[in-house]
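In listed order, ligands and their atoms are each counted from 1.
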Amino acid sequence: MRIGLIGLPASGKSTMFNALTGARVATGFSGKRDQPNVAVVKVPDERIDTLTPMFNPRKTVYATVEFADIGGLKGSGDGGSGGFSTALIAAARQVDALAIVLGAYEPTAGPSSDLEEVELELNLADLSVIEKRLERLTADLKKSPTAQRAQIEAEQSLLSRLRETLEQGTPLRAVELSGDEEKLLRGYGFLTAKPVLVILNVSEQQLQDQATLPDLGLPTVAVSGEIESEIAQLEPADARAFLDDLGIERPGIDRVIQLAYRSSRLISFFTVGPDEVRAWTIADGSTALEAAATIHTDIARGLIRAEVIAFEDLVRAGGLTEAKKLGLLRLEGKTYRVKDAEICHFLSNI
Ligand SMILES: Nc1nc2c(ncn2[C@@H]2O[C@H](COP(=O)(O)OP(=O)(O)O)[C@@H](O)[C@H]2O)c(=O)[nH]1
Ligand SMILES: [Mg+2]
């Protein structure tokens, strides 16, 4: 999964990027930057930490997430009149989820109005794509043979419906789409259709006092970008001690990724064995067949059945052999819907 950090200038995106990835990109930078900062981080997962000593595998593979520090609106100061630059919009279209970073660490901050401003810009960016495309389709319709018209008209009518939604200030993620419509729209990369979460960049004081956080109407996590970007530079043991001192139970990275998974409706399943203990990311509701395909299309092609056990059951039993004896290992078919944290073994005849 790729998560794009966006927001107003100086909301703390680059600071947050450093906090989340351990990178050291420049902060307080307001010059032109058309390429996002990117870094891949492993998804912290305590269940993998538990499974590894149980199987003592040759290697452990965590799921990974890519963060992109996409940058902010064009400041009115540098000749722009607000709005995201074209290059940044293009970068944002390529991520799977947007994390809107809002500065809240100063008493004068206004995260709610900042959020409105960002959402408006996303809305306008999508509207402009739709309007250009509709113009194009109108022109195409005139010169198209009758046989192709129905398809063009279907796209026109769908885009008109989406335009109305945006004009009412509603993001596209609120629109119910059929499978075909979704497929038709996939290539557009509409920003307001993407899963979204808010990272509230708070001060140390606010972090202690979670109750004062504003309700922004979107899934929100509060992280102190400044503190956690410093902690991200420490050795793990020192970092843990520092977090404990501050009363931070789970570092920002854990909470941000967990929320991103939830907003994107993603879950994890695990594979275990002497070779490898590994986390895999799938869409919630995926079938055993789809889960198998994330590992290898051949495994999916030859799939006969899946052996499945819940993480808690495996831990309770103490191992796979014990779990089998206790009858905790289930055999499921191809259409079985895999649940979060299940350990799966796919029986395939290829
Ligand atoms: N005091 C304080 N300053 C911060 C915090 N986060 C960011 N800043 C400062 O705000 C400025 C802009 O931060 P930066 O991460 O570059 O923002 P960006 O433009 O959104 O990437 C920098 O000078 C940071 O040091 C914070 O949590 N507390
Ligand atoms: Mg920055």
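- Counting heavy atoms closer than 4.0 Å to ligand 1, residue Asn201 contributes side-chain atoms (C-beta onward) but none from N, CA, C or O.
- The Mg ion (ligand 2) has an N, O or S atom of Ser14 under 2.8 Å away, backbone or side chain.
- Thr192 and Asp126 form a side-chain donor-acceptor contact under 3.5 Å, judged by distance and modelled atom types alone.
- Looking at Gly103, Gly225, Gly12 and measuring to atom 17 (O) of ligand 1, the nearest heavy atom belongs to Gly12.
- For atom 14 (P) of ligand 1, the candidate residues are Asn37, Val101, Thr15; the nearest heavy-atom contact is made by Thr15.
- Ser286 places no side-chain N or O within donor-acceptor distance of the main-chain N or O of Asp284, the cut-off being under 3.5 Å.
- Each of the atoms 12 (C), 17 (O), 18 (P), 19 (O), 20 (O) of ligand 1 lies under 4.0 Å from some heavy atom of Ala10.
- Taking each of Lys13, Glu106, Glu228 in turn, the one with a heavy atom nearest to atom 20 (O) of ligand 1 proves to be Lys13.
- Using modelled atom types and a 3.5 Å distance limit, the side chains of Trp280 and Thr271 yield a donor-acceptor pair.
- Interface of Glu226 with ligand 1, defined as ligand atoms under 4.0 Å from a residue heavy atom, comprises 1 (N), 2 (C), 3 (N), 26 (C), 27 (O), 28 (N).
- When Ser14, Gly28, Ser11 are ranked by how near their heavy atoms come to atom 23 (O) of ligand 1, first place goes to Gly28.
- Side-chain contact annotation: Tyr62 with Arg278, donor-acceptor N/O pair under 3.5 Å absent.
- In summary, the side chains of Ser14 and Thr27 do not present any donor paired with an acceptor at a separation below 3.5 Å, with no hydrogens or angles considered.
- Below 3.5 Å of separation, one finds no N or O of Asp69 facing any N or O of ligand 1.
- Glu164 places no side-chain N or O within donor-acceptor distance of the main-chain N or O of Arg161, the cut-off being under 3.5 Å.
- For the residue pair Thr281 / Tyr261, a side-chain donor-acceptor distance below 3.5 Å is found, with atom types taken as modelled.
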